[in-house]
Amino acid sequence: MYDAPNLEKTVDQKEFKITADNVQVFYGDTHAIKDVSVQIEDNTVTAFIGPSGCGKSTFLRCLNRMNDTIDICRVEGNILLDGENIYDKKVDPVQLRAKVGMVFQKPNPFPKSIYDNIAYGPRIHGLTRNKADLDIIVEKSLRRGAIWDEVKDRLDQPGTGLSGGQQQRLCIARAIATEPEVLLMDEPCSALDPIATAQVEELIDELRQDYSVVIVTHSMQQAARVSQKTAFFHLGNLVEYGETSQIFTNPIDPRTESYITGRIG
Amino acid sequence: MTDLSTSGAAAPRGPHSSSLLVQDANTRKRNAAESRFRLYGVIAIAIAILALFALLGSILYNGSSSFRQAFVVLDVYLDPAKLDKDGTRDLEKIAKVSTFGYAPLIAAAFETKFEDPEIGVEGLSAKNAAKLISKEGPAELRRYVLANPDMIGETVQFEFLASGRIDGYYKGRVTMETAKLDKNVSPEQLQLADQLKEAGVLAIKFNTGFLTRADASENRPEAAGLGVAILGSFYMMIVVLCLALPIGVAASIYLEEFAPKNWITDIIEVNISNLAAVPSIVFGILGLAIFINFAGLPQSAPIVGGLVLTLMTLPTIIIATRASLKAVPPSIRDAALGIGASKMQAVFHHVLPLAAPGILTGTIIGLAQALGETAPLLLIGMVAFVRDFPSAPPEGFFDPAAALPVQVYNWTQRSDPAFVERASGAIIVLMVFLLIMNAIAIVLRRRFERRW
């Protein structure tokens, strides 16, 4: 990004939104994430890149404890959100996920109307008291999801009837509707065509104003386009983490260089 | 192609070198095998369809006549001299006149019919003519008088069931020849029946009584109906639905969505599948031992039948529900959890509605299975002869009742050939209920699937 040098100055003053410290993840006997420590900043897009099976999605799912749903998965180490350990026994993962929203690889709208897709989160979290408030939240979320103009006339039609790119933006709008502080995106564009990808990337850049966005991607161009910080994972290790511009132009670790030049992967 | 052929490539270059226009030996063999397999499939389906038609055809052929019945319309003078000698109209005194006391009234009604020159057979007394009427006739007469004592002394028109043999005469079961050998009916009575039919007194009508009456004894098949059996089966289905659906669905949701995967749940899983394969009569023994002998519930009661059938239906519902829960894509669960829904909210708001069509279909198939189940009911006493209708629920669940499949079993054991027709008719009724239930399953499935 062009403003990367400017950003570098402001970064140091910012508090870290998420701090991971020596995180280990095991799937049964497999050691999937080894000793990962990373600091994720607020109002920043952080990209996780790396070859398939390197653990980047697994690590992302640790950040809102989605790995809890997998029986054989075990997480060790500390992950702090605003200084609080999210793996503390007192933390209810449901409450955490309201703060840390997630968008998945495959667009997965509920088989309900577009309106109900967006309204579901605010409803279960009790964010509104009446229908009028809910209408406002739905409109606001759809506008910020950059899909309002396309769906405003058919809010009562099923979300599953939209095109792939529209569905993914609907899912992003749905994640925003619960007003999270962090937005996790697991390869959000892998099922989309280039035009829809461009729309979603534009959207991610806008969301940076209000959220800390963490995005897992297979496309290095995408990481370079949308992120300010990049983390390179390889075989469960965090190999290198730093400014996106630095990672892509002047990587320190030879493995990073091999990957971004296409020699491993 | 031309390039290849000119460059001298006519020589074989591999296993697939011969012309595409000629089938090689291997292809011919494979094609022959495929057409043989298709032929087997067509034959198998043809056999299945033939068997189905033979089955349905024989049942319809034997049973459809049970929905038609010969009725005789008679004007009966309710003679006070016979019914209420003192003229006090005291119900207790009237009730003392037994069913036999009413038989002469019907004979007297025939006496008046004989005044018509067209009607009457030589050598047939009015008393013998009265045997055209079902033995149920005097009983009906008595019930009417006890309900309306004011009508004593009046002449009232009644529509009586014709006796089983007369009914059989018009259904081809009884002929003049067989009547000669039969002590229950004489050729003269059949002649009289023909005269009455000519005069419009005897008529063949739709037999609503077959669906509404209670079972009747061996020697009056014409009065036997399915009322008690239908009601008993209906009560049992209510019990099964109210118990098996919530328990089955709750168990499957817990096992599929919440339970940890360990050896205990593995054992439970295996045993649920085993339970589905347990012979139904074993459930009957279990019901007899536990619900009747241990828990002290009444015999032949729909509640016990319902409980036993619930045990039988549970595995079906659990297996169907788990399959349809499994079929819901995990991305839906992820989506709900990802925006902060709890596990239970994710299941009840999103997974369950999507699994509903499968659950409903499984439930209705389970119910249909339970409706046709006979063996366990024999053991818990539902095979008994039940003449009284069970009362309204909830007390009715504890009253003795029959069940449709058991009624079929019961009737096939009786000697009078009229009961063969009745049993086939009962099978038709049972199958109509099954068809209705399957139709409901299809309709519900269609309706819920639109929300996908």
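Values below: every heavy atom of this structure, side chains too, minus hydrogens, waters and symmetry copies. In what follows, chains are A, B, ... by sequence order, proteins preceding strands, each numbered from 1.
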Heavy-atom cut-off 4.5 Å, strictly under: side chain, backbone, both or neither for Val103(A) against chain B? neither
Under 4.5 Å heavy-atom distance to chain B, tell me which part of Pro93(A) shows up: side chain, backbone, both or neither. neither
Just say parallel, tilted or perpendicular for the rings of Tyr120(A) and His349(B), cut-offs at 30° and 60°. perpendicular
Is the closest side-chain heavy-atom distance between Asp334(B) and Lys106(A) below 4.5 Å? no
Indicate yes or no: at least one non-hydrogen side-chain atom of Pro111(A) is less than 4.5 angstrom from one of Leu354(B). yes
Which pair of heavy atoms, one from Val94(A) and one from Ser342(B), lies closest together, and at what distance? CG2-CA, 3.5 Å
Are the side chains of Ile339(B) and Arg97(A) in touch, meaning some heavy atoms are under 4.5 Å apart? no
How long is the span from the CZ atom in Arg333(B) to the OG1 atom in Thr69(A), to the nearest 0.5 Å? 10.5 Å
Inter- and intrachain pairs under side chain to side chain donor-acceptor pair (under 3.5 Å), touching residues 362-371 of chain B, at least two apart: Thr316(B)-Gln369(B)
Please answer whether the main-chain N or O of Ile332(B) pairs with a side-chain N or O of Asn108(A) as donor and acceptor at a distance below 3.5 Å. no
First locate atom NZ of Lys261(B), then atom CG of Asp71(A), and finally report the distance between them rounded to the nearest 0.5 Å. 6.5 Å
Contact list for residues 57-94 of chain A, test ring-ring contact (aromatic ring centres under 6.0 Å, His included), sequence neighbours left out: Phe48(A)-Phe59(A), Phe59(A)-Phe233(A)
Take a 6.0 Å sphere around CD of Glu76(A) and say whether it holds more than 12 heavy atoms from other residues, nucleotides or ligands. yes
Is it the case that over 12 heavy atoms from other parts of the model lie below 6.0 angstrom from the CG atom of Leu52(B)? yes
Structural part of Arg61(A) lying under 4.5 Å from a heavy atom of chain B: side chain
Return yes when atom CZ of Phe258(B) has more than 12 non-hydrogen atoms of other residues, nucleotides or ligands closer than 6.0 Å, and no otherwise. yes
If you take all heavy atoms of Arg174(A) and Ala335(B), which pair is closest and at what distance? NH2-CB, 3.3 Å
